[in-house]
Protein chains: 2
Amino acid sequence: MPEIDDLKKAGLKTTQPRLKILAALEKSPVRHVSAEDVFKLLLEEQEDIGLATVYRVLTQFETSGLVIRHNFEGGRSVFELNDADHHDHIVCVKCGRVAEFSDHDIEKRQKKAAEKAGFILQDHALYLYGLCHKCARQKNA
Amino acid sequence: MPEIDDLKKAGLKTTQPRLKILAALEKSPVRHVSAEDVFKLLLEEQEDIGLATVYRVLTQFETSGLVIRHNFEGGRSVFELNDADHHDHIVCVKCGRVAEFSDHDIEKRQKKAAEKAGFILQDHALYLYGLCHKCARQKNA
DNA sequence: GTATATGCAAAACTTTTGCATCCTT
DNA sequence: AAGGATGCAAAAGTTTTGCATATAC
C-alpha cells in the first residue's frame, strides 16, 4: 500500500479518511478537483467522510506537499496531486478543461524577476486562460 | 473630468457611485485592493455606497476592461486599475506587499505554450510568491 | 418618463471551527 | 490509555441576488 508510506512520509497518521481521500485523488478521472468534487467522489463510493474533513485533510496534504492548491478564476480552490514534475496550467474559459505544460525558460526568468524586485522567490502560479481546440471550433453555444 | 470619459468609453452610465469608486481606485494609497477595501475607502470619505454596489460596479469595470481582477492566495479577489501597460505580480507571503514586473520573453513563451497545447490564449495570470526584502531581513515574528 | 442603477437585507457559496465521539498507535 | 482525527452543526467570510426606491438621460 504505497499510500500509507505517502502519509507516513508526510508525518500524518494513517487514518481511513486520509487514505480514502488520497485514493480518490489518484482514481479521479479529472486531475484538478475542488474539495466538493472530492467529497462527491467519496460519496459515490459510499465512503462516509464529512466535507469538513475533506477540507482539513486537503489542507494538511497541501502543507505536507502531497497536493498543490490552485486559485483559478471562479473563487474556489482546486487541488491536484503533487507529482514531482512541476508544471503550469492552461484552463479553457468555456469548458473548464485543464491542460498542463512546463517551460524551463519561464521558470528561470521568474526567479530573475523576483530577485530584481528584491524578493526571495518561494512559489509561483502561472495560469493561462483561453479556448481549447474543441471550444474554439464551436463558436456558438 | 476624465473619469466620465472612462465610463462612457466603457459603455456605462455615469452615476455617482461609479465615479466615486473609480476615484477611490485612483486615490488609493495601495494599488491592489479588495472590494471590502474599496468599500472602506469610500466610508472614510463619507460616501454612502453599499458593498453590493461596490461588487457590482467592480465586476462591470472588469468586464469593460477598466480594472483587472486577481485571485491571489487568500480566497478573495483583489482589483487594480487597468493601465495600458501590462505587468505581472509578486506578492510577499508575509506582509502582503505587492510588487509589479513585466517580462516580454515570458509573455512570448506563454503564447507559444498555449498554441502547443491547442489553445487560443485569451488571458493569463502570473503570480510569484516570496519574501520581500523587509520581511526576509526579520526572520522572527 | 423610462430604463437602469442603487441600497438594503437576505441568500448562496466556500471554507473554517467548536465540541463530543471515535480511531490509531 | 492518550492524543489526535473525525463528524456534525454552526459560524465566518466573501460574493450574489431580489426587490423597492432613487437616479441618469
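Labels below follow one simple rule: chain letters A, B, ... track the order of the sequence lines, proteins then strands, and each chain is numbered from 1.
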Sorted by chain and number, sequence neighbours left out, salt bridge (Lys or Arg N to Asp or Glu O under 4.0 Å) with B/Asp105 holds for A/Arg109

Hits for salt bridge (Lys or Arg N to Asp or Glu O under 4.0 Å) against A/Arg69, two or more places apart or cross-chain, chain-then-number order -> A/Glu62

Okay, side chain of B/Asp88, backbone of B/Ser102: is any donor-acceptor separation there less than 3.5 Å?
-> no

Taken to the nearest whole Å, CZ/A/Arg69 to C1'/C/dT14 is 11 Å

Hits for side chain to side chain donor-acceptor pair (under 3.5 Å) against B/Asn71, two or more places apart or cross-chain, chain-then-number order -> none

Just the atom pairs and distances: protein N or O near nucleotides 8-14 of chain D's N or O, under 3.5 Å.
residue: D/dT14; atom: OP1; partner: B/Arg76; partner atom: NH1; Å: 3.1

Is the side chain of B/Ser28 donor-acceptor paired with the backbone N or O of B/Leu25 at a distance under 3.5 Å, no angle test? no

When rounded to whole Å, the CG to P distance for the pair B/Leu42 and C/dT6 reads 12 Å

Cut-off 3.5 Å, no hydrogens considered: what does the side-chain donor-acceptor table look like for residues 44-55 of chain B, sequence neighbours left out?
residue: B/Glu45; atom: OE1; partner: B/Lys27; partner atom: NZ; Å: 3.2
residue: B/Gln46; atom: NE2; partner: B/Glu44; partner atom: O; Å: 3.3
residue: B/Glu47; atom: OE1; partner: B/Lys20; partner atom: NZ; Å: 3.4

Residues of residues 7-14 of chain B with a heavy atom under 4.0 Å from any atom of DNA chain D, listed by number, are B/Lys13, B/Thr14

Comparing nearest nucleotides in DNA chain D, the 5'-proximal residue of the pair B/Phe79, A/Pro17 is A/Pro17

Quick note, A/Gln16 side chain, CB onward, closest among D/dT16, C/dT24, D/dA24 is C/dT24

Between CZ of A/Phe61 and C1' of D/dA5 the distance, given in whole Å, is 12 Å

Sorted by chain and number, sequence neighbours left out, salt bridge (Lys or Arg N to Asp or Glu O under 4.0 Å) with A/Glu115 holds for none

Rounded to whole Å, the CG-C1' distance (B/Leu22 to C/dA5) equals 16 Å

Between its two end axes (five pairs each) the helix from C/dG1-D/dC25 to C/dT25-D/dA1 turns, nearest 10 degrees, through 40°

In whole angstroms, the gap separating P of C/dT15 from CD of A/Glu62 amounts to 12 Å

Quiz item: Is any side-chain nitrogen or oxygen of A/Thr15 closer than 4.0 Å to OP1 or OP2 of D/dT6?
Solution: yes

note: A/Arg18, atom CZ; C/dC23, atom P; distance rounded to Å ~ 15 Å

Contacts satisfying ring pair (Phe, Tyr, Trp, His ring centres under 6.0 Å) that involve residues 94-120 of chain A (not counting sequence neighbours) are none

A/Leu51 atom CG is separated from C/dT17 atom C1', nearest whole Å, by 13 Å

Between CD1 of B/Ile21 and P of C/dG7 the distance, given in whole Å, is 8 Å

Across all chains, not counting sequence neighbours, the ring-ring contact (aromatic ring centres under 6.0 Å, His included) partners of B/His133 are none

Residues passing the ring-ring contact (aromatic ring centres under 6.0 Å, His included) test with B/Tyr127, sequence neighbours excluded, are B/His70, B/Phe72

Residues passing the salt bridge (Lys or Arg N to Asp or Glu O under 4.0 Å) test with B/Arg31, sequence neighbours excluded, are B/Glu80, B/Asp83, B/Glu100

